[in-house]
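Here the structure is laid out as structure tokens; the discussion comes afterwards.
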Amino acid sequence: MRGSVHRRSSGANGWLLSLPALLLLLVAASGPLVIVAIYSFLEPGDYSGVRWIFSGDAWFRILFERDIFDQTVSLADANLSIFWRSVKLSLATTLVTFALGLPTAWFIATRPARSRAIWLFLITIPFWTNLLIRTFAIMEVIRNQGLLNTALIKIGLITDPIQILYTDTAVLIGMAYVYLPLMVLPLFAAIDRFDFNLIEAGYDLYASRMQILRRVILPIIRPGIVAGCILVFVPSLGAYVTPRVLGGGKNMMIGNFIELQFGQGQNWPLGAALSMVLLIVVLGALLIYTRVASKEDPHG
Amino acid sequence: MNQDIAVSASRIVKTYGAGTSAVRALDDVSIDIEKGEFFTLLGPSGCGKTTLLRCIAGFETPTSGTILLSGRDITFTPPNERPINTVFQSYALFPHLTVAQNVGFGLQMLGRPKSEVAEAAARVLALVRLDGFANRLPQQLSGGQQQRVALARALAPQPEVLLLDEPLSALDLKLRKEMQSELKRLQTETGITFIFVTHDQEEALTMSNRIGVMSAGKLLQVGTPRDIYDRPVNRFVADFIGETNFVRATLAGDQATLGSGDTIVVDAKGASGSVTLAVRPEQIRIAPRDRPGAIHATVAESTYFGTDMHYQLALSDGTFLIARLQANAANVYGNGDEVGVLIDGTALQLLAE
């Protein structure tokens, strides 16, 4: 009896009780998003901000540009190269972190329980350090008179310093370093659940080491791989600090390009439209993730 | 080299660790396992039976000694190059593959054509009576069914030797009995040499052609179930296989004098002095006190076991004997009853300590 009374009261007033949370979600999450969406369909203001006149121009200008003299339309090559660089660098970052993260996660997952906690802690330490400081630290390592070049010259591998800083490679190195923990942690979680007897079973059933990796280990830890790749790819795509500091001014990624529109570019609608594009790409990636994850485990 | 030997392990030593903390998991074990036989390695946990099995499978390399498979040295051959398959205690089925894919895995890795793999998988699944489950995932099956898949997966590549590492330990009693006869049937039908590891003496006795009893890394006795049960070489084997009464006695010719002063005629086989007699509980009969040759005893405790009655009998010096009798009307005694005990002297074993 008491139970049913309790249930009825929670049923009737449940939505009222969750109203504050709903409001917060609405205001804090959806609100800004709606504003960004609306701004992307307005005209830019004279110096900054927007004018409240509907325009699809910002969306048009993401991919195309109109010649200011004869009004002919052509593809916006500069924008495209920024998008391409963003996707390329994010994919490369994902690949590099995966290649480094898999053995790392494997190593940690196969340590005894006590030292495992220490290894995991070491992996996450950089996370507690300010991103800007970490990025400048990398700069210190890869600049022409930096640690790397000095060392390479000392051991005689090269005679002149290699220009790494302010190249795409520098951005890649920086992002791979920054996002490595995001790859290692989900991989570790997946490998930790992995039944190592399966390796022996594969080995017993005539599989080579390579076949065990491809046919047994990778398919089983796939949810962890997908999670790690999404966790690295998504923030890489929107990265701002790392390409700004390590890529110099020239090697912009989407994040820098968006910032440019709200700053010097004084074109808020274009910035808003670019943000929406970024969001759509990210949502698309997440959609793929949920598809893959649900296919992986139809029973739980 | 004997043509009929499937696996020949000689002087296998396996040590873990180094220096003074080194543990000898296998201590100079030599064994020949014949082709087509159902061989059981029996012993308590930690006796080295699983280590020996893993050496044969190739997961462990012996510290010293050699292992031959049909006369070929495989001591250092990796597991994926040995025509030996294992049924794991945890089954270790691939969770991402269907039953048919699990069963076909071995042949697929051997590079057999798809049609042959599918055909073999279907045939072996029928053999373990799992036809119709081919497209299920392992986690959709019961424990007993998973066990059969593990068996089918190991049998599919038609190995020369099948290793079974306590495969029945996770099943409940009824299923275990069923799988025991199932395993025996499969072994007879396929003719594959089975090496079975268990700590369950009853399992070992009912299924095996021969048993090897192990303890503390040593192989104590190898023989048929009857050999091992009736003629255990030492106290450990007698105690581990079935229930046994151990009675100290002094021999004078073929006459053994027990601690209680009672005497039994035994076949001393030339032994003399102080010995231990091993008597199986079913070799003890209870009779009226005044029966000639009966030893005087008092019923200390009786336990009902369904088909059997177990009596704990106290001799005059306080030593106890366990007797197992059929639970019928003629064999009902109460606590405190004064009875006579008859022991068949020829059934006794004289044990080395």
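Throughout, protein chains are lettered first and strands after them, A, B, ... in sequence-line order, and every chain is numbered starting at 1. Values reported hereafter were calculated over all heavy atoms of this structure, with side chains retained and with hydrogens, waters and symmetry mates removed. Please read all numbers here as calculations on a predicted model, not as lab measurements.
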Tell me, side chain or backbone of [X] under 4.5 Å from chain A's heavy atoms, or both, or neither?
| X | result |
| --- | --- |
| Phe94(B) | both |
| Arg82(B) | backbone |
| Gln108(B) | side chain |
| Leu107(B) | neither |
| Thr86(B) | both |
| Leu163(B) | neither |

*Would the number of heavy atoms belonging to other residues, nucleotides or ligands and lying under 6.0 Å from CZ of Arg111(A) be above 12?*
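Atom CZ in Arg111(A) is crowded, with more than 12 foreign heavy atoms closer than 6.0 Å.
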
_Atom CH2 of residue position Trp119(A) - does it have more than 12 heavy atoms of other residues, nucleotides or ligands inside 6.0 Å?_
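Atom CH2 in Trp119(A) is not crowded, with 12 or fewer foreign heavy atoms closer than 6.0 Å.
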
*asked:* Let me confirm one number: the CG-CG distance from Leu93(B) to Asp195(A), rounded to the nearest 0.5 Å.
replied: 10.0 Å

*Which distance, rounded to the nearest 0.5 Å, do you find between the CG of Asp204(A) and the CE of Met109(B)?*
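Those atoms lie 13.0 Å apart.
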
*Over all heavy atoms of both residues, which pair between Ala201(A) and Ala92(B) is shortest? Give the atoms and the distance, please.*
CB-O, 3.7 Å

*Contact origin within Gln211(A) toward chain B - heavy atom pairs under 4.5 Å*: side chain

*asked:* For the residue pair Asn85(B) / Tyr206(A), report whether a side-chain donor-acceptor contact shorter than 3.5 Å exists.
replied: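 Indeed, the side chains of Tyr206(A) and Asn85(B) share at least one donor-acceptor pair under 3.5 Å.
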
_Short side-chain to backbone donor-acceptor contact, Asn80(B) and Ala207(A), under 3.5 Å_ =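 Yes, because the side chain of Asn80(B) sits within donor-acceptor range (under 3.5 Å) of the backbone of Ala207(A).
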
_Using only atom types and a distance under 3.5 Å, with no angle test, would you say the side chain of His96(B) pairs donor to acceptor with the backbone of Leu218(A)?_
no

_Note, Leu198(A) side chain near Pro95(B) side chain (heavy atom, < 4.5 Å)_ = yes

*What residue, out of Ala154(B), Ala150(B), Ala57(B), Pro157(B), has the most heavy-atom pairs lying under 4.5 Å from chain A?*
Pro157(B)

